[in-house]
Amino acid sequence: FVPPPFAADAIMEAADAGMETIVAITEGIPVQDMMKVRTALDRSNSRLVGPNCPGLLTPGQAKVGIMPGNICKKGPIGVVSRSGTLTYEAIWALTCADLGQTTCIGIGGDPIIGTTFIDHLKRFKKDPDIKGVVLIGEIGGSAEEEAAEFIKSNVTIPVVGFIAGASAPAGKRMGHAGAIISGKSGTAQSKVAVMKQSGIHVCENLGRLGELCKETFG
């Protein structure tokens with residue numbers, strides 16, 4: 001929760017102290033500062049969730065960050081998301097569909113973050129209690145396409161995906177610093193296409209997320 005001008009030093013201090021997992025909620029950390037953090041983390045044994053994220057939560061066990069625990073329910077579905085608010089939307093949709101969650105993670109919406117979709121998908125694979133995954137992405141960058149390719153080759157449990165920002169105009173930043181389309185790269189349409197090709201069940205309408213998850217996960 002350290003303010004942006006001091007957050008990078010705080011993250012590196014935690015890594016120097018040997019903290020295994022570091023969660024950075026802070027939004028607005030300068031990209032140049034995060035480049036230094038990324039280099040420092042690559043030399044350490046620490047992993048960073050965030051920055052600009054809601055943190056992580058395992059219902060009934062642990063919470064680090066700002067996710068509202070009262071909307072969560074213990075169960076077999078993993079949630080990983082670039083968007084903080086849409087993480088809550090996904091969790092609530094699952095809970096309303098009587099589908100509990102095993103672990104919910106917001107990876108952060110900045111251009112440089114500590115851990116990616118793939119990092120957490122690898123950890124989900126090691127969790128024997130997970131029966132399905134909800135992956136929430138957004139426009140900008142290529143993280144969702146890379147995650148889809150990983151899922152196609154490595155993930156055997158069903159995955160439901162949603163991409164926010166379908167109506168965003170090219171070249172305009174939408175909310176997160178990382179949510180910007182450059183030319184034909186990073187559009188919602190391109191991400192959805194790759195996800196479908198990878199066998200992910202894509203939700204086209206967020207209002208139907210719970211219904212689709214119920215159909216997919218049973």
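Applying the salt bridge (charged side-chain N to carboxylate O under 4.0 Å, His left out) test to every pair with at least one member in residues 50-72, sequence neighbours left out, gives no pairs at all. Judged as a side-chain hydrogen bond (donor to acceptor under 3.5 Å, both in side chains), the pairs with a partner in residues 125-137 (not counting sequence neighbours) are, in order, T102-D127.
With a 4.5 Å cut-off on side-chain heavy atoms, M35 and I112 count as touching. Taking the side chain as every heavy atom from C-beta outward, M195 and H201 never approach each other to under 4.5 Å. In this structure the side chain of I105 reaches within 4.5 angstrom of the side chain of V49, judged on heavy atoms. The side-chain heavy atoms of P51 and M34, taken from C-beta on, include a pair separated by under 4.5 Å. Two residues are said to be in side-chain contact when any heavy atoms from C-beta on lie closer than 4.5 Å; P4 and E27 fail this criterion. Looking only at side-chain heavy atoms (C-beta outward), D98 and K214 come within less than 4.5 Å of each other. Using a 4.5 Å heavy-atom threshold, the side chains of F124 and V80 count as touching. V160 has its side chain out of reach of I200: every pair of non-hydrogen atoms, C-beta onward, lies at least 4.5 Å apart.
A donor-acceptor contact closer than 3.5 angstrom links the side chains of T116 and D119. Q101 and T95 share a donor-acceptor pair across their side chains, judged by distance under 3.5 Å alone.
Annotation for S44 and A15: closest pair OG-CB, 4.2 Å, computed over non-hydrogen atoms. Taking each heavy atom of G106 and C53 in turn, the nearest pair found is O-CB, 3.2 Å. When all heavy atoms are compared, the tightest approach of V134 to A90 is CG1-CB, 4.2 Å. Contact between S46 and G18 at its shortest, heavy atoms only, is OG-C, 4.4 Å. Nearest heavy-atom pair across G78 and I130 is CA-CD1, 4.2 Å. Between L57 and P59, the closest heavy-atom pair is CD2-N, 3.4 Å.
Rounded to the nearest 0.5 angstrom, I25 CD1 and N52 CG are separated by 9.5 Å. Note: W92 CH2 to T87 OG1 = 16.0 Å, rounded to the nearest 0.5 Å. Atoms CG and CG, on L135 and L121 in that order, are 6.0 Å from each other to the nearest 0.5 Å. Note that the CD1 atom of I151 and the CD1 atom of I157 stand 9.0 Å from one another [nearest 0.5 Å]. Going from atom CZ of F162 over to atom OG of S83 covers 9.0 Å, rounded to the nearest 0.5 Å. Here I22 contributes atom CD1 and I11 contributes atom CD1; the two are 7.0 Å apart, rounded to the nearest 0.5 Å.
Within the 3.5 Å criterion, the main-chain N or O of S190 finds a donor-acceptor partner in the side chain of T187. Checking side-chain atoms of E144 against main-chain N and O of E138 turns up a donor-acceptor pair under 3.5 Å. With hydrogens and angles ignored, the 3.5 Å screen pairs a side-chain donor or acceptor of R38 with a backbone N or O of G114. Without hydrogens or angle criteria, T216 side chain to C213 main chain gives no donor-acceptor distance under 3.5 Å. For T26 (side chain) and V2 (main-chain N/O), a donor-acceptor pair under 3.5 Å exists by modelled atom type.
Hydrophobic clustering of Ile, Leu, Val, Met, Phe, Trp and Tyr side chains at less than 4.5 Å, counting indirect connections, keeps V64 apart from V37. Residues F117 and V202 share a single hydrophobic cluster, defined by chaining ILVMFWY side chains whose heavy atoms lie under 4.5 Å apart. Both F217 and L209 belong to a common hydrophobic cluster when Ile, Leu, Val, Met, Phe, Trp and Tyr are linked at side-chain heavy-atom distances under 4.5 angstrom. I118 is connected to I113 through a chain of hydrophobic side-chain contacts under 4.5 Å among Ile, Leu, Val, Met, Phe, Trp and Tyr, so both are in one cluster. Hydrophobic clustering places L56 together with I71 (ILVMFWY residues linked when any side-chain heavy atoms are closer than 4.5 Å, directly or through intermediates).
Other residues, nucleotides and ligands contribute more than 12 heavy atoms inside 6.0 Å of the CG atom of D42.
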TODO: Would you check, one step at a time, whether the test side chain to side chain contact (heavy atoms under 4.5 Å, CB included) holds for R123 with R47?
DONE: CA-CA 12 Å; R123 295 190 178 95; R47 61 175 175 261; 3.0 Å; yes
- [ ] Go through C104 and M67 one step at a time and tell me if the side chain to side chain contact (heavy atoms under 4.5 Å, CB included) criterion holds.
- [x] CA-CA 9 Å; C104 309; M67 288 192 200; 3.9 Å; yes
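Salt-bridge formation is detected for the pair E211/R208: a Lys NZ or Arg NE/NH1/NH2 atom is positioned less than 4.0 Å from an Asp or Glu carboxylate oxygen. At a threshold of 4.0 Å, the pair K191-E146 does not count as salt-bridged, since none of the basic side-chain nitrogens sits closer than that to a carboxylate oxygen.
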